[in-house]
Amino acid sequence: MSDMIEAPVSETTDAEPTTRMNMIQAINSAMDIMMERDPDVIVMGEDVGYFGGVFRATAGLQAKHGKTRVFDTPITECGIIGVAVGMGAYGLRPVPEIQFADYIYPALDQLVSEAARLRYRSAGEFTSPITVRSPFGGGIFGGQTHSQSPEGLFTHMSGIKTVIPSTPYDAKGLLIAAIEDNDPTLFFEPKRIYNGPFDGYWDRPSQNWSKHPAGEVPTGYYKIELGKAKIVRAGEALTILAYGTMVHVCAAVVAEAGIDAEIVDLRTLVPLDIETIEASVKKTGRCMIVHEATRTSGFGAELSAIVQERCFYHLEAPIERVTGFDTPYPHSLEWAYFPGPVRIGEALKKIMKDA
Amino acid sequence: MSDMIEAPVSETTDAEPTTRMNMIQAINSAMDIMMERDPDVIVMGEDVGYFGGVFRATAGLQAKHGKTRVFDTPITECGIIGVAVGMGAYGLRPVPEIQFADYIYPALDQLVSEAARLRYRSAGEFTSPITVRSPFGGGIFGGQTHSQSPEGLFTHMSGIKTVIPSTPYDAKGLLIAAIEDNDPTLFFEPKRIYNGPFDGYWDRPSQNWSKHPAGEVPTGYYKIELGKAKIVRAGEALTILAYGTMVHVCAAVVAEAGIDAEIVDLRTLVPLDIETIEASVKKTGRCMIVHEATRTSGFGAELSAIVQERCFYHLEAPIERVTGFDTPYPHSLEWAYFPGPVRIGEALKKIMKDA
Amino acid sequence: MASEHPRANLQPLTLHIPEPKFRPGDAVDFAEVDVPPAGEARRPDTADKASDFIDLAYTLVRVLDDDGNAVGPWDPKLSPDVMRRMLRSMALLRAFDERMFRAQRQGKTSFYMKALGEEAVAVAAAYALDHEDMCFPSYRQQGLLIARGWSLVDMMNQIYSNTADRLGGKQLPIMYSVKEAGFFSISGNLTTQYPQAVGWAMASAAKGDTRIAATWCGEGSTAEGDFHSACTFAAVYRAPVIFNVVNNQWAISSFSGFAGAEATTFAARAVGYGIAGLRVDGNDALAVYAATEWAAERARTNQGPTLIEHFTYRAEGHSTSDDPGQYRSEGEPNAWPLGDPIKRLKDHLIAIGEWDEERHAAQDKELAEQVKAAQKEAEKNGILGHGLHQPLESLFDGVFEELPWHLKEQRQQMLDEETASGRPWDRKA
Amino acid sequence: MASEHPRANLQPLTLHIPEPKFRPGDAVDFAEVDVPPAGEARRPDTADKASDFIDLAYTLVRVLDDDGNAVGPWDPKLSPDVMRRMLRSMALLRAFDERMFRAQRQGKTSFYMKALGEEAVAVAAAYALDHEDMCFPSYRQQGLLIARGWSLVDMMNQIYSNTADRLGGKQLPIMYSVKEAGFFSISGNLTTQYPQAVGWAMASAAKGDTRIAATWCGEGSTAEGDFHSACTFAAVYRAPVIFNVVNNQWAISSFSGFAGAEATTFAARAVGYGIAGLRVDGNDALAVYAATEWAAERARTNQGPTLIEHFTYRAEGHSTSDDPGQYRSEGEPNAWPLGDPIKRLKDHLIAIGEWDEERHAAQDKELAEQVKAAQKEAEKNGILGHGLHQPLESLFDGVFEELPWHLKEQRQQMLDEETASGRPWDRKA
Ligand SMILES: Cc1ncc(C[n+]2csc(CCOP(=O)(O)OP(=O)(O)O)c2C)c(N)n1
Ligand SMILES: Cc1ncc(C[n+]2csc(CCOP(=O)(O)OP(=O)(O)O)c2C)c(N)n1
Ligand SMILES: [Mg+2]
Ligand SMILES: [Mg+2]
C-alpha cells in the first residue's frame, strides 16, 4: 500500500537534501531545527530530557541544546501546561510533551481556560504560542490509558488548533508550522505509525517507513501550512475523510476492495480545510468519515454535520461514520474495538450500495 | 409563550400534592427527597453547606439533614469529584456540585478517567453512582467563565450520562432519576432559566415560573426516566431539537413566526432518545438543531450526524445547526454571541425555503 | 494476616466538618486569634536556606505596633515620602472600590469586587517590587495597578465594557489585563495564574533576565491543583517567583477551615515543599513591604521561590453578587484584631510627625474627587448595557491571530443577522 | 513606586535544572544519603498532635539495624510467626514478579511491572492493616494482594487477559481490581486514587464504620494535583486515611529531584498540610509495619490522616517497556545503602534464632514451584494474543449498568462484522 500515498515533494520549500526517517525521527528533527533557528523554542515534559522521551522523540536534544532548553518536568500535566502558558506569556515558544494523550485531562483547564483564551481575554496583550505534542491512538495493546484518541474534545474549544500528521514528511512539516504558529496548537502523534504505516491488518507483518515515499524527509527546514488537507488518493467513487493512522488503513482497504475512492488526509482538524473536503464530496457525491476515537460526538460528527450542510444536494447516500465504539479502549479485545478493514469494508459496501 | 409547553401531568407517578416551584426550588426538593429516602445520598460542593449554594440550590439541606450529609468543600474540583468517586466506591450516592460548569475542567480527569471508567475497568466490582450538578449556559452577563456550555465534551466520553432539564417539573423528576441511577451522571442546570423561562428576547421583561404549567411541581417523589425526550410542541413543518434554555427560545420564535414546528426537548443527551427524534424527523422531513454551546464539535454535530444517518432519505432540506459562535463567551457582546430569536429565525427561513 | 483489631471492639469513626467560630447573630470575640507582638519575628539573611527559618511560617511578621511605631528587624525603614505614597495608593484604592461598587449597584455594570480591608497586601507589594517585575494577580489585587500609577479611567473603561475598554468588552468587569504595567490578564478560573507565574519566572531565569514574577491567590484557592503544581515546579527549578496567599479568612461563604486552616497555617505549605515561607500581618503595609522586598531579593539572587501568607480579613462581601450577612456575623469586620491597614500606616506617619489628620482628610477628599472625575471621564465612553460599545464584528477578534474561514463565515452570519433583524442595536453607539 | 533595583546592577538569573548524582557509566557512591541509625527516631503517642512531631518527617524510622537486631521504640515486637509470614509474602512477591516479568519477555502478555527491592512497602503494610481496611494502590503494590493471600492464579489470569480473567481482558496487565481483598481497581492515570481513598475514608467515617483507607503513590506522582486535593480534603475533614508515598528514587527516567527531592523530603509534604508525617526506611519491613500500625491507630481514633514516605529504591526498570541502563548507573541497585528488604528481615529472623539459610533456600524453592504451578494453571486459561479469550460482545459489558440502545446497536454491528469477515477469531477460544 505504500505507493498509494503520493510523494510529497511539491510541498517542500527547501527540499534538499533528504534522508529516510521514521515519524519519531521526523518529529525529533522538527524540534531540533526549530531550536536551532529560534532561541525561544524550548522543549519540556516527563522524561523528555536526558532520556529523550519514552518514545525517544526528544532523543539527543538535551545533549545538543542544553538542559535549560530541554528538560524533564515534575509529573503534573496541569503544571506542564500552566508553566508553558507562563513561558509563552514571557515570550518563549514552548513545546511541551504530554507523555500519552490519555494523560492530557489533568491539563484541560490550563489548555482550555488559559492557553486557548489568553489572546482573546487580553485583547492580544498576551498570547500562548505553545505546541503541545502528545502520542495518541491505540493498536499497541496499551489498554484503556495508553490508547485514547481525545482529539475531538479540543476541536470544540475555541482558540486552539488541532493537528494530526499521518507520515514522517507531514509530521516534520506540520510540527514546524505548529511551533511557528502564534496560537496554541495540539499536535497529536499517531503512535501506532511511529515506526511504519499500519494498514489495519493487525495479523499481517508490519511495515516500516523506509519503504514509504513519505519516509523520505528533507533534513532541513520546511513547513506545511496548517489548515490544509491533502488528497492522498484521487478518486471518483466516494470521498473518505480520515487522519493519522486511519489514512493508511483506509488506503489499504480501498486498494483491496478496488474502489476508486478519494482519500482526504485532513492533517489539521481546526482549522479545517473545508474547500478540499467540499470540492471532493461534491465531486463524488458520497462521503465516509473514519476515526479511531469513540463515535458519539467524535470529530466525525462535526465532519458529517458540516459536509451535510454544504453538500446536501450533492449527496447520493447517507454519510457514513466508521469509528471506534462508545466504550473505553479495551485491552484484549483491542481489535474488536479498532475500526479496522472489516468495519471500513462493510461501510464501504453500504455507502456504495446504490452506486 | 408559557402555555406552549404541555402540562407534564401524564408523566407524574405520584403527582399529588403539587406546588409552585422555580427550577432552583425543584432541584432543591429533589435532593431533599432523595436524602430523606436514601441515607446514602450526600450533597457536597463549594458553598453548598451552611450558605446553601451561590444559587441557593442546596438552601436548607444542611440544617435539615446535618453537616455530615451536606457540607462545604475545599475549592478543588478535582478533589470534589475524586472524593465523590471514592465515596461512591464505598457505597454512598454523592451529589457533588460544581459551582459553575466553566469550572468543571480541573475535574475532567476524575470524571472521564475515573468516574466514567470505574465500572468497566473493574468489571463491575466498583461503580460511581454519582450525580454531578452544575449550572451552565450564559445570558446573565457572566462573561467568559460564568457562561460556558461544555455539555458536548461529556457526550464524547463513554460511561457517563448527560442530562439537561428545561423546566422545574423536569428538573426535579430528572434529578431524582439521576441520583437513583447507578452510573455517573452530569446534570447541567440552565441557570438562565432558574427563575423563569427565557424566550431569548433579552430586551423584553423576564418571566417567572409561577405562570408556567411546568412550574407546578409535585411536592413528593417522582421521576422522569433518563433517555426520554419530550415533544413540547407537536408539529408537521419541521423538527427542532433543543434542550435547556433553548427549548423556550425556540418555542417563542416558532410561536412568533407561526410555523408548525415540532419541538423536541431532548432532556437527556446520553443516552439519546433516538426513537422520538427519528420518528419526528421522518414525519417532518426537516430538522433544526439549537444549542448555545460553540458550534464546532458541539452536541449539535452529533445530532446532525445521527439524524442524517437515520433519516437521510426523508430529509427535504439540509439539517441546520443554530448555535453559539466558535468564540469564547464574551461579556458586552453576549447577545451577539447568543443564538437568539434572530439567528433561529433566519435558520427557520432557510430550512423552510422550499417547503 | 491476622486482623489485630477485631471490629467489634472498635469505636465508630466520626467525620469532622469544620465550623467557623461565628455565624449570623453571634457576638464576635477574636481573642483566640494569635497575634504576636510587632517586631518579634526574626529576619533571616536572604541567603539563608529555607530549612533554617521554618518558624517564620508559623508566626506573624509585624512591623507596626499598636502605638504606631515601626519596630523590629523587619522594619523596611522607608522614607516618609515612600510611606506617604503608599498610604495614598491604599486610600485611592479604597475610594476607587467604593465608587465602582456603587456604580454596579446603580446598574452601570454587571459586577464588582472590593479589596476592602486588604489594601496593604497588593499596594505594599507593588512598592517593594520593581516596576518591571511581572505580576500574576487574582481578582482582588487591583491595588497593584493603582500603586503602579495605572490610569483609573482605563480601569473603569474595562469595568464598564465601554468603547474605550482596551479589552473590547470581552472580559467580566475587573478582569484587567495591563501588560504595560506588568499585570497579567486575570482569569476567572481560580489559581491558574500560579503555574503561569512560575513559567514566566522560569523563562526569565532561562534567558538570564533580571526580572522576577509574583503571583497572588486567596486562601480558599490554595486547594486547587494548580497551586501544588506551581509550588512543585518552583521548588524543583528554584524559580524566581513570589507566591502570595491572601488569607482573608473567607472564600465566598466558606471560612478558611475549608481550605485547611484548622490544621496549620497557609505559610506552612512552603515548608511542605522545602521553599521559603513567611507569615505576615497583611494589614501592616510595612510588614508586607518588607516581606516582599526580602522575597524579591531571594528570587533575584537565585535562592528561588518564597511563599508569603498575608493574614488579613475580607471586610466586605465576596463580590457584588454576595451578601455576607447570610453566613457570618456582622460583627467580624470591626472586631478583626489586625485593624485597618490604612489607619495603621496613617497612625505611624502621624506618630513620626510626617502626617496629620487634617492632611489625611484633605487627601481623602481629593482622592474622592479624583475618582469621581475619572468616573465622569470613563462614563463618557459609555456604561454597560446602554448601547453597543463594540463593533459587533469585534466579537471574533483575538480568537486566533488570524481569523480562519469558519470564523469569517460566522462573523458574516452575525452581521447578516443584524441586518435582517429589527435588533435594536446601534452599530455606532 | 521607585525602582530600587536599577536593572543594570543586577546579576542575570539562572535556571536550576536538577541532575541526578550518577548517569550510565558513573561509579556509584551513596555516601551522601543520610541514613540515621536504627532505633534513633522517637515514637510519639498516637494521640499526639501532628505539630508535635514534625521532626519525624525529616529522619528515618528504622527498626532493623545492620546486625539484624530490631531496636528502638518503633520495634513492633511481632511474633516470629508473623515475621516469618511476612518474609514468606515478600519472597513470594519476588518470585511472582520474576516469573511474570519473564512471561512478558516470552511474549505471553503485553506488559509487566516489578516491585523488586521495595517488597516491604506493600507487604508489611498489608500485615499492619486490617483485612477489612480498603487499599487504593498504584501499580506497584501487588504485594498487598499477595500478603492478603489472594490467589496467584487469579492475578495471572488478569495478566494474561485470559478466559478466567475476572476483569474480562478489559484492563492492562497488573491493573488488578479485587474488591474481596479490599484492593481498589488500579488506574493507569497517576494519583487519581489519592482523593478516592480520602472519599472512601470520609464515607466510612460519615457512616460510623470502623474501617479505614490506605493509598499509595510513587514519589514522582506526588506532583499531580490529585495528591494536593487529597491531602487538603483529608486535613480538612480529618479523614481516616493513610497516604503512602513510595519514594523509590525514580519515576521512569526522572530521578526524585524532579519531584522536589532536592528541596526537602516527601514526608515534609505532610507538614505543609498540618497532618501527621513519617519518613520510614522502606526496606525495613518492621519499620513499615510499625509506621502503618501507628498511622492506622491514629486514623481509627479520629486523629485523621498520616502521610508516610517510604524511602526505598526501584531496583528494576520502570516496567517491561523500560531500560534503566539508558539513564542511570547500573551500579545503583547494589550500592543502595538500605539493602534488600527480604535479606534484612531474613537476617533478623536468623539473628533471633527463628530462621536459617537452609529453610530460606528451601522456601525460595518451594515458592518458585508454587508460582510455577500457578502459572501452569493460569495458562490453561490462555495467554494474551493467542486466541480470543473473551466473547466479543463482552466488549460492551460494564460501560453502563444497562446497555443503552446505541451500544446495543454497536454490539450488533461488531457481531455482524465478524460474521461478514474472514476474521480469524475463534468465538469459543
Ligand atoms: C476553578 C474555579 N472554581 C470555583 C470558582 C468560583 N469562585 C470564585 S471566587 C471563589 C472563592 C475564592 O476564595 P479565596 O481564594 O479565598 O479568595 P478571596 O475571594 O477571598 O479573595 C470561588 C469558589 C472559580 N472562579 N474557579
Ligand atoms: C496522569 C499520568 N501522567 C503520566 C503517566 C505516565 N507514567 C506512568 S508511571 C510514571 C512514573 C511514575 O513514577 P513514580 O510516581 O515515582 O512511581 P514508580 O513508578 O517509581 O513506582 C509516569 C510518568 C501516567 N500514567 N499518568
Ligand atoms: Mg479568601
Ligand atoms: Mg518512583
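Predicted, not measured: the structure shown is a model, and the values here were computed from it. In what follows, every chain begins at residue 1, and chains take the letters A, B, ... in the order their sequences are listed.
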Segment of [X] engaging chain B (4.5 angstrom heavy-atom cut-off):
X        : result
C:His318 : neither
C:Pro324 : neither
C:Pro18  : backbone
C:Ile252 : both

Side-chain donor-acceptor pair present, B:Ser332, C:His389, cut-off under 3.5 Å: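 The answer is no; no qualifying pair exists.
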
Heavy-atom donor-acceptor pair, C:Lys170 side chain to B:Pro330 backbone, under 3.5 Å: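 Flag not set: sc C:Lys170 to bb B:Pro330 has no pair under 3.5 Å.
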
Short side-chain to backbone donor-acceptor contact, B:Asp72 and C:Ser254, under 3.5 Å: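 Here the side-chain-to-backbone pair does not exist.
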
Nearest heavy-atom neighbours spanning [X] and [Y]:
X        : Y        : result
B:His331 : C:Leu172 : CD2-CD1, 3.9 Å
B:Ile75  : C:Ala251 : CD1-CB, 3.7 Å
C:Gly188 : B:Thr145 : CA-OG1, 3.4 Å
B:Val342 : C:Glu417 : CG1-O, 3.4 Å

Reported CD-to-CG distance for the pair B:Glu334 and C:Leu395, which is rounded to 0.5 angstrom: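 Between B:Glu334 CD and C:Leu395 CG, I get 11.0 Å after rounding to 0.5 Å.
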
Approximate separation, where rounding is to 0.5 Å, of B:Tyr337 OH and C:Gln410 CD: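 Result: 9.0 Å between the selected atoms.
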
Residue pair [X] / [Y], side-chain heavy-atom distance below 4.5 Å:
X        : Y        : result
C:Asn189 : B:Tyr103 : yes
B:Glu77  : C:Glu224 : yes
C:Phe227 : B:Thr76  : no
C:Ser321 : B:Val54  : no
C:Gln413 : B:Glu346 : no
B:Asp326 : C:Leu407 : yes

Which atoms of B:Phe325 approach chain C - backbone, side chain, both or neither, heavy atom under 4.5 Å: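 Both the backbone and the side chain of B:Phe325 come within 4.5 Å of chain C.
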
Aromatic centroids of B:Phe51 and C:Tyr327 separated by under 6.0 Å: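 Under 6.0 Å, so yes.
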
